[in-house]
Amino acid sequence: MTEADTKARAKAVIDELERCYLDSIRSLRDALRDYIDNGTPPAPGLRSGRRFSYPELRFDYDGEGRAEDRKPRSYGRLGEAGTYAITVTQPELFRDYLAEQIGILFADYGLQDVEVHRSHQEIPFPYVLDGSGIELGDMRAEELARHFPATELAEIGDELADGLWDGARARYRPLALFDALRTDFSLARLRHYTGTPPEHVQRYILFTNYQRYVDEFIEWGCEQLKSGDRYRTLSGAGGIELTCDDADPAALETAAAARKHQMPAYHLTAEDRAGISIVNIGVGPSNAKTITDHLAVLRPEAWLMIGHCGGLRPSQRIGDYVLAHAYLRDDNVLDAVLPPEIPIPPIAEVQQALEAAARSVTGEEADALKRRMRTGTLVTTDDRNWELRYSQSALRFSLSRAVAIDMESATIAAQGYRYRVPYGTLLCVSDKPLHGELKLPGQANLFYDRAVREHIEIGIAAVEELRAFGSRLHSRKLRAFDEPPFR
């Protein structure tokens, strides 16, 4: 099968997924309007005939036909014979991702009969209201749920990602980590938390815990728009979207809408979603877990934590960098699904990208950079006032050989490990509480003015490095024993 044939076949499958999905959306919206306007419940045949259902991608694999010259990659592998399937939502949003994943299976395994069906999984009615013009008025959600599919939390979960999927009870082997219900749940939450449309989220994501990093990113993004090079728009919380014609940072930096959202996001968009998103996750592991739970369904290429930390070593100076290569997870927020004794390995490609970016932006050679960029273990705690119980933690920190402490990075790394998203952390030392250098207002302002621009530029330059890795970025370290074929 030629590459052109592979692309054409993958496109045809995705087109059919989109046709089936849009048909279900139309049927559900029409039935909702009829009930709200006229009190007419949907005909029984609509639900029994799966007219409100997500489309399902399905095929049978006989265990043969694997191409011997297939490219070495950590995904796109059919582990054993069986029927593979996954429900899909918003196929147009995921077109590029689906085309790549389906195309790999066509090319490497010569699949012939890939089918699109209406699944047994129905679309909950809240997910079709946006953009429909449907006004609920005084209609209560409980009343609609008597006649229309609603969100059933018992049917939404991360059992597959967390290794709890029961193959003996399943009808099909899963094609991907997330089905349509789990994906739609997160897409709705993303809009709520970030104030931006999920389709604006780019494949490379920066997380930060300070607004000044966002302000510098907006400044830099507007400069890029004006240069007319790679990037197309800068989208911000509250629905604001800038182009090269109106790239004024003040339009985003002063937007009151951003203050209405818990974790406002900004997206410097590019073709194929190859731009950069930044999310201000605020302080604490709970926010870090929440946002990565939802961003994971968009299958980003990588996410990086670029923020501040407390230095734990006397040799460190304010403004030095910490490149985490191990984590002491005292965040406690993931212990039930990923016990803290499970190691979170560094991703070599990400570590290399961050170090290369630091050299490029600072202009310093490796030996000089080593004096101000420390690699080592990072502690992530869920206690903002950890200093008040330091005497209880000192031995543990010392045994771990920790060099810095924060409240988000290990959570983000653990979530990357859990959801198979490459991750990395480069933090900047903003204070040294163990050595009398506290984050006082005057010192903080001087530090911010000097350090933030350089730090965010390192994060951006690291994305450029990561793009060059291509599929090699997706390490086998992140794949479990029995993985679905889609990345």
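Along the sequence shown, the residues carry numbers beginning at 1. Side chains are part of it too, since the values below use all heavy atoms of this structure and drop only hydrogens, waters and symmetry mates. The shown structure was predicted, so the numbers you read here are calculated from the model rather than taken from an experiment.
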field: Member of V322, L378, T425 meeting the side-chain contact (heavy atoms from CB on, under 4.5 Å) criterion with D406
entry: L378
- prompt: So, the side chain of R479 versus the backbone of P484: is there a donor-acceptor pair under 3.5 Å, distance only?
  reply: yes
- prompt: Has the side chain of N287 got a donor or acceptor atom that lies under 3.5 Å from a matching backbone atom of I281?
  reply: yes
query: Are the aromatic rings of Y266 and F217 close, with centres under 6.0 Å apart?
result: no
query: Can a donor-acceptor pair be found between the side chains of N280 and T208 at a distance below 3.5 Å?
result: no
- line: Result for side-chain contact (heavy atoms from CB on, under 4.5 Å) between D108 and one of L111, L105, I104 points to I104
query: Does a sphere of radius 6.0 Å around CD in E135 hold more than 12 heavy atoms from other residues, nucleotides or ligands, not counting ones at 6.0 Å or beyond?
result: no
query: Which class fits the ring pair F178 and Y419: parallel under 30°, tilted 30 to 60°, perpendicular over 60°?
result: tilted
message: Going by salt bridge (Lys or Arg N to Asp or Glu O under 4.0 Å), name the residues that satisfy it together with E465, two or more places apart in sequence or in a different chain.
response: none
- request: Verify, without hydrogens or angle tests, whether R384 (side chain) and V283 (backbone) share a donor-acceptor contact under 3.5 angstrom.
  value: no
- prompt: For the side chain of R47 and the backbone of H147, is there at least one donor-acceptor N/O pair under 3.5 Å apart?
  reply: yes
query: So, is the end of the R467 side chain (NZ or CZ) under 6.0 Å from the ring centre of Y204 and within 45° of the ring's axis?
result: yes
message: By the definition side-chain contact (heavy atoms from CB on, under 4.5 Å), identify the one residue from C222, S235, P249 that meets it with L242.
response: C222
task: Would you please classify the geometry between the Y321 ring and the H455 ring as parallel, tilted or perpendicular, with 30° and 60° separating the classes?
output: tilted
statement: Hits for salt bridge (Lys or Arg N to Asp or Glu O under 4.0 Å) against E241, two or more places apart or cross-chain, chain-then-number order -> none
- prompt: Taking only residues two or more places apart in sequence, or in another chain, which ones meet R182 in a salt bridge (Lys or Arg N to Asp or Glu O under 4.0 Å)?
  reply: D158
message: Checking side-chain polar atoms at under 3.5 Å, does E100 have a donor or acceptor matched by the opposite partner on Y75?
response: yes
- request: Please answer whether the main-chain N or O of G284 pairs with a side-chain N or O of E408 as donor and acceptor at a distance below 3.5 Å.
  value: yes
